[in-house]
2 protein chains.
Amino acid sequence: MEAREASKTSPRVRSALDALERAHLRKTPQRLAIVRAFVDDTTHPTAQQIFDRLRRAMPTMSFATVYNTLDALERAGSCRVLRVHDDGSARFDPRVDAHDHAICETCGAVRDIEPAKRARLPDEGDLDGFEVRAVERVYRGLCANCR
Amino acid sequence: MEAREASKTSPRVRSALDALERAHLRKTPQRLAIVRAFVDDTTHPTAQQIFDRLRRAMPTMSFATVYNTLDALERAGSCRVLRVHDDGSARFDPRVDAHDHAICETCGAVRDIEPAKRARLPDEGDLDGFEVRAVERVYRGLCANCR
DNA sequence: ATGATGTTTAGAATCGTTCTTCGTTACAAG
DNA sequence: CTTGTAACGAAGAACGATTCTAAACATCAT
């Protein structure tokens, strides 16, 4: 029973719902379902993949709601959008702390990577007045499975 | 007259055409026009922008030909595709040597950045068997104009 | 409980990109 | 030079991902 209770309020689910609250966004059943289906997923799913998972439990769920909710979560600061594939499709990442991504050129899998210790920014001179607010690093290559 | 001659065979134009030849791709008038319109452009244009420039000189140019040619150039190794904007649209970059990009969150401009000296890869342990073939670094922030 | 406001639904619309069909052109072999 | 073959380009239709629209509905502060 403790496990069941914990699954309802896993730390990530709780933090996503708190973020919605802070942003004055309503906690609707749809949003709750999407948060639960997505927030502990490290595979960087597409909106379609999240939608497919939810159809079973909420058959009336609209595709637009998935986009709207992920958008709301992003505005609330508990989700990020990633565009790392050739087709430009959006992948959603529930991790919002600093981290990088490795993309397998063969199978397309996206994996979180801890950033290099003492990673460097370009020399100020090379930035030429540009003010860096965020850094994204993408490693392209072959995952352990595909090698 | 030297200037005119040089403009017809700028080093980048020549290198792009050589690359086409090496890849056994034909040097058609359309491809030549696209190469000339694009190869010295550091603004990372969309296919639409390149198409608009060419309309004047080649009114019959098809939109698909722009994509096909940029694709051919990419396969030939003298162009890269960049997807750094929220809409996932493709930007084309004639620079194929190692460099990074800064994206202005206000105006959307994309600027080439020289990579940091001694930039680091993540620790092998964190890569967990992933074989890195290429690294892309994107800096998001404010360009000198928009600050 | 109630109402103002925010949200969902379903499907249409949009946007960037790719595909398809067919006519044209380049190049090679004779 | 002529012809065959494959590559290429034009035009527009098709496609897939995402966003918009209008109307019905649900949430939450009061």
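Everything numeric in this text was worked out from a predicted model, so none of it was measured. Labels below follow one simple rule: chain letters A, B, ... track the order of the sequence lines, proteins then strands, and each chain is numbered from 1.
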When you get a sec, tell me which of dC20(D), dG16(C), dT7(C) is the closest nucleotide to the side chain of A64(A)?
dC20(D)
Side-chain donor/acceptor of S62(B) to base of dA11(D), under 3.5 Å:
yes
With R12(A), which of L17(A), D40(A), V35(A) fulfils side-chain contact (heavy atoms from CB on, under 4.5 Å)?
D40(A)
Pick base, sugar-phosphate or nothing for T60(A), based on heavy-atom distances below 4.0 Å to the nucleic acid.
sugar-phosphate
M58(B) has an atom CE; how far is it from atom C1' of dT24(C), in whole Å?
13 Å
Which atoms of nucleotides 26-28 of chain C (N or O only) lie under 3.5 Å from a protein N or O atom, and what are those distances?
none

Just N and O in the side chain of Q30(B): are any of them under 4.0 Å from OP1 or OP2 of dA10(D)?
yes
Relative to the ring of H101(B), is the ring of H99(B) parallel (under 30°), tilted (30 to 60°) or perpendicular (over 60°)?
perpendicular
Roughly how far, to the nearest 0.5 Å, is CG of L54(A) from OG of S62(A)?
11.5 Å
Check for a donor-acceptor pair, side chain of T69(B) on one end and backbone N or O of T65(B) on the other, with a separation under 3.5 Å.
yes
Determine the contact category for A90(A): base if any of its heavy atoms lies under 4.0 Å from a base atom, sugar-phosphate if only primed atoms, P, OP1 or OP2 are that close, otherwise nothing.
sugar-phosphate
For the helix from dA1(C)-dT30(D) to dG30(C)-dC1(D), measure the angle between the helix axis at one end and the axis at the other, each built from five pairs, rounding to 10°.
30°
Spacing between N68(B) atom CG and dT21(C) atom C1', to the nearest angstrom
14 Å
Would one find more than 12 heavy atoms of other residues, nucleotides or ligands at under 6.0 Å from atom CG of D86(B)?
no
Over 12 non-hydrogen atoms of neighbours within 6.0 angstrom of CZ in R120(A):
yes
Of the listed nucleotides dT7(C), dT17(C), dG9(D), the one nearest the side chain of L25(A):
dT7(C)
Would you mind reading off the distance between Y67(B) atom OH and dA14(D) atom P, rounded to a whole angstrom?
19 Å
Give the rounded distance in Å between these two atoms: CD1 of I50(A) and P of dA17(D).
14 Å
Return the CG to CZ distance between N145(A) and F130(B), rounded to the nearest 0.5 Å.
11.5 Å
To the nearest 0.5 Å, tell me how far D93(A) CG sits from D112(A) CG.
5.0 Å
Is any NZ, NE, NH1 or NH2 atom of the basic residue among R140(A) and E105(A) found under 4.0 Å from an Asp or Glu carboxylate oxygen of the other?
no
Here's a test of your reading of the structure: between D86(B) and P59(B), which maps to the more 5' nucleotide of DNA chain D?
P59(B)
Please tell me which of the listed nucleotides, dG9(D), dT17(C), dT9(C), lies nearest to the side chain of T65(A)?
dT9(C)
Report yes if at least one side-chain N or O of Q48(B) is closer than 4.0 Å to OP1 or OP2 of dT17(C); otherwise report no.
no
Rounded distance (nearest 0.5 Å) linking atom CZ of R133(B) with atom CD1 of I103(A):
14.5 Å
To the nearest Å, how far apart are F51(A) CZ and dA17(D) C1'?
13 Å
Protein-nucleotide distance (I34(B), atom CD1; dA10(D), atom C1'), rounded to Å
13 Å
